[in-house]
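Heads up, the thing below is written out as structure tokens.
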Protein chains: 2
Amino acid sequence: MNDVNPRPPADPPPLTASVVFRLGTLGSVVTARFTEALAALGLKPKHVGLMVALDSGAPPSQLELARTMAVAPSLVVALADHLQQIGAVDRVRDPADRRRQVLALTGTGRALLADCTALARRLDEELTASLGASEREALRRTLGVLGVEAGLPTGD
Amino acid sequence: MNDVNPRPPADPPPLTASVVFRLGTLGSVVTARFTEALAALGLKPKHVGLMVALDSGAPPSQLELARTMAVAPSLVVALADHLQQIGAVDRVRDPADRRRQVLALTGTGRALLADCTALARRLDEELTASLGASEREALRRTLGVLGVEAGLPTGD
DNA sequence: TATTGTTATACTCTATAACTATA
DNA sequence: TATAGTTATAGAGTATAACAATA
């Protein structure tokens, strides 16, 4: 009762217990699954990112989109090239400033984005199947809060 | 009260509301931060992954480590080369089967891993500063559950 | 002949830099 | 001269394939 060493010195939580580690590793696994599923639609995650940005009303010039997405402008060119090729976006020169290319989702693009959304929803169900409804919602909500703080698009 | 359209057709939750999207994007942001912080220690995330695997008692041959980490054996060679160079791991031929290289964390390696852990803890605090203690724990725990299901190392 | 580790090579993703057209 | 977009090039990260040593 007045032991010199009442309890063994509980070793500190390991790296694997940190939110950073768990979020990073699980995010990578989940992104790999999403990437694989997207392949059936001929898309990569960044294509989806561009469509999401357009859909959520981001300024539609390529350079502004690059800033929004935090990627290089040259990458937006490649992403837009592909999305235009499959008819998912329109790309028109801004008549007011003919240097600018203004991107816009087409009907096809919106349908494609809806397909991606359905796909994500299906993966969500698989991923969170073992969680209770309230746990799942708490997770979604907390991730949303942290996402907003990190400047990520987080509609709801 | 018997309206034809009692409520506007609530449009379905957007892609950005999915756990898959939020986990993927936030994971990527968090990993970027961790990567940046690790640079001060001369490490990349995969080096940490290898140390974590060794620390948690994974079978220590390079090929088995490659399987554990789900990376190519050639990558383990490069990671082990670097960790050995900085004195973080010992690499000895298994006398029972001289084809095998057996890796083991050194004292230096354990200290380095502790530094990485401290670093993750600091990032955790920054990341989750806006969350209440119970929210933060719920997040950590739920991520742990999903991580275990995905086969990730998740000590606690 | 099969397996472990290593080396050589190639591929994917993305950025930086050089360039063109427009302002 | 500065800016939007494009093209050319390069780098990081990682895998695949060929190879060497050991079983």
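Chain letters run A, B, ... following the sequence lines, proteins first, then strands; residues in each count from 1. As the structure is a computational prediction, the values presented were derived from the model and not from experiment.
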Figure out the [atom1]/[atom2] separation between [X] and [N], and round it to whole Å.
{"X": "B/Leu63", "N": "D/dT16", "atom1": "CG", "atom2": "P", "result": "14 Å"}
{"X": "B/Lys46", "N": "D/dA12", "atom1": "NZ", "atom2": "P", "result": "17 Å"}
{"X": "B/Gln62", "N": "D/dT22", "atom1": "CD", "atom2": "P", "result": "15 Å"}
{"X": "B/Arg100", "N": "D/dT22", "atom1": "CZ", "atom2": "C1'", "result": "12 Å"}
{"X": "A/Arg67", "N": "D/dT3", "atom1": "CZ", "atom2": "P", "result": "10 Å"}

message: For B/Glu125, is there an ion pair with B/Arg122 - N to carboxylate O distance below 4.0 angstrom?
response: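 Here B/Arg122 does not pair with B/Glu125 in a salt bridge, since their nearest N and O are not under 4.0 Å apart.
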Minimal non-hydrogen separation, [X] against [Y], with atom names:
{"X": "A/Cys116", "Y": "A/Leu38", "value": "SG-CD2, 3.8 Å"}
{"X": "B/Glu135", "Y": "B/Leu131", "value": "OE1-CA, 3.5 Å"}
{"X": "B/Ala53", "Y": "B/Leu65", "value": "CB-CD2, 4.0 Å"}

query: Sequence neighbours excluded, which residues qualify as side chain to side chain contact (heavy atoms under 4.5 Å, CB included) partners of B/Ser61?
result: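 By the side chain to side chain contact (heavy atoms under 4.5 Å, CB included) rule, B/Ser61 matches B/Leu63, B/Glu64, B/Arg100.
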field: Where chain B begins and ends its contact with DNA chain C, read 5' to 3' at 4.0 Å from heavy atoms
entry: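 First and last nucleotides in contact are C/dA2 to C/dT7.
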Tell me if a side-chain donor or acceptor on [X] pairs with a main-chain N or O of [Y] at a distance below 3.5 Å.
{"X": "A/Thr142", "Y": "A/Ala138", "answer": "yes"}
{"X": "B/Arg91", "Y": "B/Ala80", "answer": "no"}
{"X": "A/Arg22", "Y": "B/Arg140", "answer": "yes"}

query: Between B/Glu36 and B/Arg33, is a salt bridge (Lys or Arg N to Asp or Glu O under 4.0 Å) present by the stated rule, with each step listed?
result: CA-CA 5 Å; B/Glu36 188 181 22; B/Arg33 287 187 202 169; over 6 Å; no
B/Val20 reachable from A/Met69 in the ILVMFWY side-chain graph, under 4.5 Å edges: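 Per the 4.5 Å side-chain linkage, A/Met69 and B/Val20 are co-clustered.
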Verify same cluster id: B/Leu79, B/Leu41 (apolar side-chain graph, 4.5 Å):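 Same cluster.
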message: Can you list, in residue-number order, the parts of residues 70-77 of chain A that come under 4.0 Å of DNA chain C, counting heavy atoms only?
response: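 The stretch gives A/Ala70, A/Val71, A/Ala72, A/Ser74, A/Leu75 as the residues lying under 4.0 Å from the strand, ordered by number.
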- request: Give the C-alpha distance, both sets of side-chain angles, the deciding distance and a yes or no for side-chain contact (heavy atoms from CB on, under 4.5 Å) between B/Val30 and B/Leu123.
  value: CA-CA 9 Å; B/Val30 162; B/Leu123 288 180; over 6 Å; no
message: Show me the pairs that pass ring pair (Phe, Tyr, Trp, His ring centres under 6.0 Å) and involve residues 15-56 of chain A, at least two apart or across chains.
response: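 Checked against ring pair (Phe, Tyr, Trp, His ring centres under 6.0 Å) - neighbours excluded - the pairs reaching residues 15-56 of chain A are A/His47-A/His82.
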- prompt: Do any of residues 80-96 of chain A sit with a heavy atom less than 4.0 Å from DNA chain D, and if so which?
  reply: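 Heavy-atom cutoff 4.0 Å gives A/Arg91.
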Residue-level proximity of residues 25-39 of chain A to DNA chain D when a heavy atom falls under 4.0 Å: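 Output list: empty, so none.
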- prompt: Of the nucleotides D/dA23, D/dA2, D/dT6, which one has an atom closest to the side chain of A/Gln101?
  reply: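 Output: D/dT6.
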message: If you compare every side-chain N and O of A/Arg99 against the phosphate oxygens of D/dG5 (OP1, OP2), does one of them come in below 4.0 Å?
response: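 The answer is no; no side-chain N or O of A/Arg99 sits under 4.0 Å from OP1 or OP2.
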